[in-house]
Amino acid sequence: MPVNKIWILLRICVLLVMGLEANAQNPGFVNVKDYINNSNGDVSTAIQKAIDDNPHRVIYFPDGVYKLSKPILTPADPHKSVALELSNYAIVQPEDGWKHEQAMICLGGKDPYNTILIDGSNYYLSGGVIDCRGKASAISIDCGRETSVRNVSIKNAQTGIHIKKGLNGGSSDADIFGVNITGNMDKNSVGILTEGHDNTITNVRIYRMQTGVELKSGANILRNVHALYGTVEESLYAAGIGFSDKTGNNWYDFCYSDQYATGFLIESGISIYHDCFAFWFSNRGTKHTAFRSVKPFNSIVTNFTMGVNRKNAVKENIILEEAKGTPKGTGRIQNLVIIVPDLITSDSYKKYTVN
């Protein structure tokens, strides 16, 4: 046999041995398609079985479409937990008859638990496309302490990500990173909704949601979150809110409200807004408000920029709007940048500005 052919055969044998050794050393991935017999129909039961049969494994979804008739739930109990890893073109969709209030994927949706001390507490969902087809919510984090959602594309959702209260005194401690969300533009649609405390939300884009981010909890950190209204339904425009803060005690860093009638709604408490931005490029509605405070304004705003397209400016452009009769709060606005100051129609913000 020629030397070059012997060399090729030896090389192939070495690669095969290396592959077998790698699989033996890293048996953690389970291909979900090994559980699916009918790839053209409902696969929710098959996926749930793959989750339940394989604690402490990564459930891998290759490219393809996965149709669900019911939510799939991962365990919060670290002894049973799994991670869900979707290839970039794996698409999870609801079937036509979807009627569930629950999200399609409920992380920590079964076997509730509260710990970060046991191996397996750090489960996650990574990659792929969750296409809600305008009729479902995408992802919920129901329980757990180190749950992560990352590098996921969410399409046509009622609610993109819903972080529920955890068992640690209401703390959920979730991490959301690198997620793109588009909504179904329902009047109650929300990009990210938090009810549990202590979450970190970074590098997120939200589009076509009536409310971009709604925080019903405190101690959340938001960094580089861009919410763009993007609807054609004019009757809903005035009620659109980029960031709705219902409790206070939250931190915003370079959060960008784009084209929402109200950029930042403050309903209670004290929150910190640093290097944030509100911008309107068209003349939708009749009033554009950067900050609207329901109670006395007590928050801290630094390096905030407000921009309005001069060509398409509306009648009212307001930096800070307070409820009528509200007494002066203890908040302050520092290093404010106004791109077109002559178009600002209210000076109520000035009593809070400091050098």
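A quick note: this is a predicted structure, and the numbers were derived from the prediction, not measured. By convention here, the first residue in the shown sequence is residue 1.
Considering only heavy atoms from C-beta on, Thr200 stays 4.5 Å or farther from Ile176 through its side chain. Looking at Tyr207 and Lys155, their side chains never come closer than 4.5 Å, going by heavy atoms from C-beta outward. Under the 4.5 Å side-chain criterion, counting only non-hydrogen atoms from C-beta, Glu267 is in contact with Leu265. Using a 4.5 Å heavy-atom cutoff, the side chains of Lys287 and Glu321 are in contact. Within the 4.5 Å cutoff, the side chain of Ile192 has heavy atoms near those of the Ile181 side chain. Leu193 places a side-chain heavy atom less than 4.5 Å from the side chain of Lys216. Looking at heavy atoms from C-beta onward, Pro62 lies in side-chain contact with Val32 at the 4.5 angstrom threshold.
The closest donor-acceptor contact from the side chain of Ser137 to the backbone of Ala103 lies at 3.5 Å or more, if one exists at all. Side-chain atoms of Asn317 come within 3.5 Å of backbone atoms of Leu343 as a donor-acceptor pair (strictly under, hydrogens ignored).
Between Glu146 and Tyr124, the side chains place no donor N or O within less than 3.5 Å of an acceptor N or O (distance only, hydrogens not considered). Asn184 and Asn156 form no side-chain donor-acceptor contact under 3.5 Å, judged by distance and modelled atom types alone.
The distance from the CH2 atom of Trp280 to the OG atom of Ser257 is 6.0 Å, given to the nearest 0.5 Å. Between atom NZ of residue Lys164 and atom OG1 of residue Thr194 there is a gap of 13.5 Å, rounded to the nearest 0.5 Å. Rounding to the nearest 0.5 Å places CD1 of Ile154 at 8.5 Å from CD1 of Ile105. Once rounded to the nearest 0.5 Å, the distance linking NZ of Lys110 with OG of Ser81 reads 12.0 Å. Of the inter-residue distances, the one linking Phe61 atom CZ with Ser87 atom OG reads 10.0 Å to the nearest 0.5 angstrom.
In this pair, Phe264 and Phe291 present their aromatic rings parallel. The plane angle is below 30°, not in the 30 to 60° band. Using the six-membered ring where Trp is involved, Tyr252 and Phe243 have ring planes that are perpendicular, over 60° apart on the 30 and 60° scheme. In this pair, Phe279 and Phe277 present their aromatic rings tilted. The plane angle is within the 30 to 60° band.
Counted within 6.0 Å of CZ on Phe254, heavy atoms from surrounding residues, nucleotides or ligands total 12 or fewer; the atom is thus considered open. In this structure, Lys80 places its NZ atom where only 12 or fewer heavy-atom neighbours from other residues, nucleotides or ligands lie under 6.0 Å away. Counted within 6.0 Å of CZ on Arg150, heavy atoms from surrounding residues, nucleotides or ligands total more than 12; the atom is thus considered enclosed.
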Inset, instruction - Decide yes or no on salt bridge (charged side-chain N to carboxylate O under 4.0 Å, His left out) for Asp342 and Arg310, but give the supporting numbers first. - result: CA-CA 10 Å; Asp342 58 301; Arg310 179 181 296 279; 2.9 Å; yes
